[in-house]
Structure formats: structure tokens, C-alpha cells
Amino acid sequence: MQRKAYAVLAALMLSSVLAALILSWSALGRQFDNYAYDFLFRLEPPAPWTPDSIILDIDEETLTKYGSFTGIRTALNQGLEAIEGQHPTAIAVDLILPDASGSDAPLEAAFSNTPKLILSCDLLRNGTWEDPIERFRRHAVAVGEVHADLDRDAVSRDLPLEKVAGSVESGNDRRWALALETFAAVKGVSITESPDDLMVGATRIPSTAASGRVLRIRYTPPSMGGIPRVSVADLDRRPELAARFAGKVVFAGVTAQTVTDRWMTPYSNGVAMPGIEIHANTYETIARQMFLVDAPLTEVAAACLAIAAAAGLVFLFLGGWHANLAAILVVATSQAIPALAFSHSIVWPWMPGTLTALIATAAAAAWRHLIVRRQLAHSENEKDRYQRSMQFAIHELRTPLTAIQGSSELISRYGSMPEVKRKEMADLINAESKRLARMIETFLSVERLSAGEMEMKQERFALAEVVERCSVRAKPLADAKTIALDLKELPATEIVGDRELMEYAVYNLLTNAIKYSPSGTRVTVSADNKGDWVRLAVQDQGIGMDKKEVGRIFEKFYRTKRAQQSGEAGTGIGLAIVEQIIVQHDGSISVESEPGKGSRFTLVLKRA
């Protein structure tokens, strides 16, 4: 029973892990993981640094000055000319520029004077690339894609470093992200790839092909005030601001809210960030190698198994407030793991561990509750049975004690009692004293056997000899009821154990079969070998038992209703002793019975 309870607990804990993983992989589970990611992102920001990048900003004021949307190319040209003398490291332009216009010549001239120019492209919904016109593109060292894949809640937490028009298998055009192309241009090297990462010179970017080359963006913390910006309008008013672009990586683009795209970030708090600044933050993430990598699924699953095991062990070994306190610690540990992992730049999903802790703790607590209730019910039943047993034992002991007491009083009261009568009284006292001693010894034996305190001999003996000896002792009782004892040919099998105890067990089964069988019937004893085991069966044609009685027949002091109504004396303890004897010999005992058709008791013992 205990082993079965442990198996149920193990199954509950394993089911808790599976349920937690399945729920955490759902859309709702991933969304909660994103919320937890944002919380940790704000809770553990990186140490402030001086950005290598700066934004050449076409803001609302600049648009107003240069004629709104139609003046964007002129504004960009003016801005590039203003910072040309500061020799920026590279300039990435976050404008697609797919069409020709009347103001393209000055802008082309500005592009031609830019040593490391990176232009932008975008992947259209029809699966084709929207590229800058050729007169612009020929001056660029690279063209980077600016396509953003937002999460379901429209928050930009990561960026795909690779986009393909069509599929890689079909050999269609693949582009790298604007920030990645900019970093490669700054380093003056090409981008090489493997299934697990990208290499730009000596810089390894942990972005797997299986994930679509997604890179988590490490945004500048609020304490830094974001990526520095200087608008074209400000440069027009204060030319000295151009010095801020010296030696910097410039991201040029529109930040005006009426024109550009804006997205939420983990730091947003309701304030959206323009796309050009997201690209600059991506560049900073790569340049400073502030990479956040996802925890391997195998490690997450292993941690969930450990959490579930801890919850199970808590309620297996502890109870009361100790168990509750330990369960709280298990749940707290599941919350600490993602935070600890994030401090080491590992993104550990929050939902699997949290759900595992909650589900496993609840399941283990429910298991413990049911086990305790079962133990309590068993304890109450044992208490009731013990009380009934004591009442029965007292009643049984009272009979010989009364006989002894009465006989001794008669002897002492009548001194002139005839010798014959005196001897009769003395014999009665002697017989009842022996009966009382046997009853006490029986009660003690069953308790010592149950507790494993009875010392058993280890001797080798033939089982057939034990059966024959017990049948000889039981034959007078069988003859008195004209019951035939039929001993089938027994195999020459030896067993190792306590011969006296085994004789007690076999004799008890024989006498029970005789006592509860009507006259003129037969009790059959048979045995057969099966591998390393021998099966000894005692079959009678007696009153039998129903299924409910069969299930309780080996309980101490239990007697069936038919046994009680038969008029045969008994304590209901003999079969309990028999079971303990067989168990102590590493064997087993079973019974098959039907009311009115008799019973068959089978002993299975290990052969020597």
C-alpha cells in the first residue's frame, strides 16, 4: 500500500511538470513570460555606458522647416553635409528611398562623400524587397533590412537579424539587419554564419538559425536618457553641435511621430520609441556584446522536474506548518531562478517553473491530505478493532479464570472433600491453567510476529514431513466428524525456515478446514513445484466465505458470520498468525472461497 502511495505521488509530480510545460507553451503562457521578461528587464538594467552611436534626427521641427514629408530628402542631405567634416565612423540611413525625386542629386552627392554608408531596405507583404534606387545604392557599402517582428502585445523585445524574400532553400535573396550590417561595416569584415551563431570578425553573436536569427535587444536604461539625438533643425541653428558626431556611428532617420513608426519596448511605460532608435539600440547590443540568450529547453525541463520533486519530498516527509513553510520556499525558488538567470544574461522563462511549483505543491498537498485522512481512518479502525479485541480477549480469558477460581474455592472451602472429587478439581485447575497459558502465548505470538520480534530458526526441512505430521495430529478431529483427509502425493521439496512455526501454520489450516466442514466431506491437501517456488493448497468443502469476508479473513480477531454461527469455538487470531509466519518465510498466502462451496488456502513458499 505504501509503495502504491509513493507511485501515485511520483505520477502526480510528473503530471504537474507536463501540465506546466504545456500551459507555458500556450499563447497565454508566452504572454505572461513576456511580462515577466519586461519586469526583470527593468529590475536588472545593465550598467550605464557611453553609447558609440548617435541619431541624426529628422523630428517634427525639422519636417516643418523643410516642407513636411516631401522635404525629408532635403533635410537628410543638409544633416549629412553638416556632420561631414566630423568624420563619423559610419552612417546608417533608416529611409528606404525607393523612388526618384527632384531633390536626389544633392542627396546623392552627400552619399558619395560618406565613406561607410549603409542604406535600408524592407520586406514587403508580397515577399519582395523594397530597395533604394540604384543611384543611391551604388554609394553604399551595404544595404540592411529594417523589418521588425513585434510580439503579440506590440512590444519590440527582439529583432530578426536575417530576413529572406522567399525561402533559403529556394536560394532567394537574404538580407541582414541594418544594425548588423552597420557593425560589420564599422569592423570592416564580412558576416559568417553557423547554425548556432553569427561571427563578425572576433565578435560572436549567439543567434541560432532555428530561431530565425533573432537577437534580444538590450535597450539603454532610462538612467542613460536613451541614445543621444541631434536634430537637423538644431544643427541648422547651432552648427557647433556637429562635433557630437565625431567618431560616432550615426543612425539617420525620421523620429517625427506623424511620419515614422514607433514601438513599445520593455522600458516604455506608455512612451513609444521610434524605429531608428531601436536600430541604434540593436547596434549597441552587438557592439558591447550585451547578449541575452534563452535558457535551453532541456535545462528548463530539468529544473521543473527538480521543483516538482522538491514539492513532493516536502509533503512526503513534512507535515503541518513545516510543510507549508517548505512549500513556500519551493515556490520562492521557482521565482528566484529566472531572476538569477537574468543576472547572468540568460532569459529563463517564468511560467514553467512557476506553474510547476504551484501545481506540484497543490497536488502534493492534496496527496498528503488524502494520505493523512486514510491513515486517520485506518488508525480509528485499528483503535476500534483493538478495543473489540481486548473485550474479546478479556471475555475469553475470563472463562478459564472463572473455572480456576471456582475450583480453588471449592477445594479450600470443603476440606473433607473426597479424594476423587479433589483430584477432579485439581485436574480442572491444571487444564484451565494450561488453556489460559496457551491463549496468552497465542496473543503474544501474533503481536511479536507482526512486529518482527519473534526470532525464527533457519533450518532445512522437507515440507512433506511437516504436512504428514500435521495430518496425523489432525486425524482424530477429522475422524470425530467423519471427514476424510486426502493427502495427494507431495513432491520431495525442502524449504528453509522455522519448522515449528511452519507446522503451526499447516496444522491451523487443516484444523480450520475440518472445524468448518460438515460431516461426510473431504479435506484435500496437494502441492506442486513451480520454478523456485512450491505451492501447498488445503481445500475443504465447508461453509465458505463471500468476497467481502475473504478480504478481511487475515485480520486479527476477525471471524466470519458463518464461523460465528457454526458454534465452533475460535479466537479469530489463528489465520493472522499463519499469514505472519508465511510472510516471515518470504512467502505468500491466498484464499479462494464461495459461500456453501468451501475454501482453498494456498501457501507459496520458496524452495531450498
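We number each residue from 1, following the sequence as shown.
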* Would you call Leu119 and Ile96 a side-chain contact if the rule is heavy atoms closer than 4.5 Å? -> no
* Find out whether the Lys NZ or Arg CZ of Arg229 is both under 6.0 angstrom from the six-membered ring centre of Phe251 and within 45° of the ring's axis. => no
* Are any non-hydrogen side-chain atoms of Glu193 and Trp176 less than 4.5 angstrom apart? -> yes
* Structure fact -> Which of Val93, Val143, Val250 passes side chain to side chain contact (heavy atoms under 4.5 Å, CB included) with Leu117? Answer is Val93
* Asked: Would you call Lys606 and Trp533 a side-chain contact if the rule is heavy atoms closer than 4.5 Å?
  -> yes
* Does a donor on one side chain sit under 3.5 Å from an acceptor on the other, for Thr354 and Gln335? -> yes
* Please determine, by modelled atom types, if Ser156 and Tyr219 share a side-chain donor-acceptor pair under 3.5 angstrom. => yes
* To do: For this output row, return yes or no: ring centroids of Phe39 and Tyr35 closer than 6.0 angstrom.
  => no
* To do: Report, as yes or no, whether the 6.0 Å neighbourhood of atom CZ on Phe32 holds more than 12 heavy atoms from other residues, nucleotides or ligands.
  => no
* How far apart are the closest heavy atoms of Arg73 and Asp104, and which atoms are they? -> NH1-OD1, 2.6 Å
* Are Glu277 and Thr255 linked by a side-chain donor-acceptor pair shorter than 3.5 Å? -> no
* Positive for side chain to side chain contact (heavy atoms under 4.5 Å, CB included) with Leu180, one of Ile191, Ile118, Leu159, Leu215 -> Ile191
* **Minimum-distance pair of heavy atoms, taken over all atoms of Ser334 and Ile307** => CB-CD1, 3.9 Å
* **Flag side-chain contact, heavy atom, 4.5 Å: Pro266 against Tyr37** => yes
May I have the list of side-chain donor-acceptor pairs in residues 78-85 shorter than 3.5 Å, sequence neighbours left out?
none

* Minimal non-hydrogen separation, Arg218 against Pro46, with atom names -> NH1-CD, 3.7 Å
* To do: Would you mind reporting whether Pro338 and Pro349 have side-chain heavy atoms less than 4.5 Å apart?
  => no
* To do: With the side chain counted from C-beta on, respond yes when Trp367 and Leu316 share a heavy-atom pair under 4.5 Å apart, and no when they do not.
  => yes
* **Exceeds 12 heavy-atom contacts within 6.0 angstrom, atom CG of Asn126** => yes
* To do: Output, in order, the C-alpha distance, side-chain angles, deciding distance and verdict of salt bridge (Lys or Arg N to Asp or Glu O under 4.0 Å) for Asp33 and Arg30.
  => CA-CA 5 Å; Asp33 274 335; Arg30 290 195 296 270; over 6 Å; no
* Structure fact -> Interatomic distance, CE@Met351 vs SG@Cys304, rounded to 0.5 Å, equals 11.0 Å
Show me the donor-acceptor pairs within less than 3.5 Å that the side chains of residues 240-249 make with the rest of the protein, sequence neighbours left out.
from: Glu240; atom 1: OE2; to: Arg238; atom 2: NE; distance (Å): 3.2
from: Lys248; atom 1: NZ; to: Pro51; atom 2: O; distance (Å): 2.7

* Rounded to the nearest 0.5 Å, how far apart are CG of Asp158 and CD1 of Ile278? -> 11.0 Å
* Asked: Say you draw a straight line from NE2 of His279 to CG of Asp94; how long is it, rounded to the nearest 0.5 Å?
  -> 4.5 Å
* **Approximate separation, where rounding is to 0.5 Å, of Ile58 CD1 and Lys65 NZ** => 13.0 Å
* Structure fact -> Residue pairs passing the ring pair (Phe, Tyr, Trp, His ring centres under 6.0 Å) test with at least one member in residues 84-130, sequence neighbours excluded, are Phe111-Phe136
* Asked: Should we say atom NZ of Lys116 is surrounded by more than 12 heavy atoms from elsewhere, each under 6.0 Å from it?
  -> yes
* To do: Examine the side chains of Tyr66 and Asp236 and answer whether a donor and an acceptor come within less than 3.5 Å of each other.
  => yes
* Test item: Arg262 and Gln257 side chains (from C-beta on) under 4.5 Å apart, heavy atoms -> yes
* State whether a side-chain donor-acceptor pair under 3.5 Å links Thr265 with Ser268. => yes
* Report yes if the side chains of Arg157 and Phe41 come closer than 4.5 Å at any heavy-atom pair, otherwise no. => no
* **Polar side chain donor-acceptor pair, Asp197 to Ser194, under 3.5 angstrom** => yes
* Asked: Sub-3.5 Å donor-acceptor pair from the side chain of Asp122 to the main-chain atoms of Asp131, do we have one?
  -> no
* To do: For salt bridge (Lys or Arg N to Asp or Glu O under 4.0 Å), just list the numbers for Arg138 and Glu108, CA-CA rounded to whole Å, side-chain angles, deciding distance to a tenth of an Å, and then say yes or no.
  => CA-CA 10 Å; Arg138 65 188 179 187; Glu108 181 184 4; 2.6 Å; yes
* Hey, could you give me the OG/CZ distance between Ser207 and Arg216, rounded to the nearest 0.5 Å? => 11.0 Å
* Asked: Passes salt bridge (Lys or Arg N to Asp or Glu O under 4.0 Å), Arg175 versus Glu162? Steps please.
  -> CA-CA 6 Å; Arg175 307 286 177 88; Glu162 171 190 74; over 6 Å; no
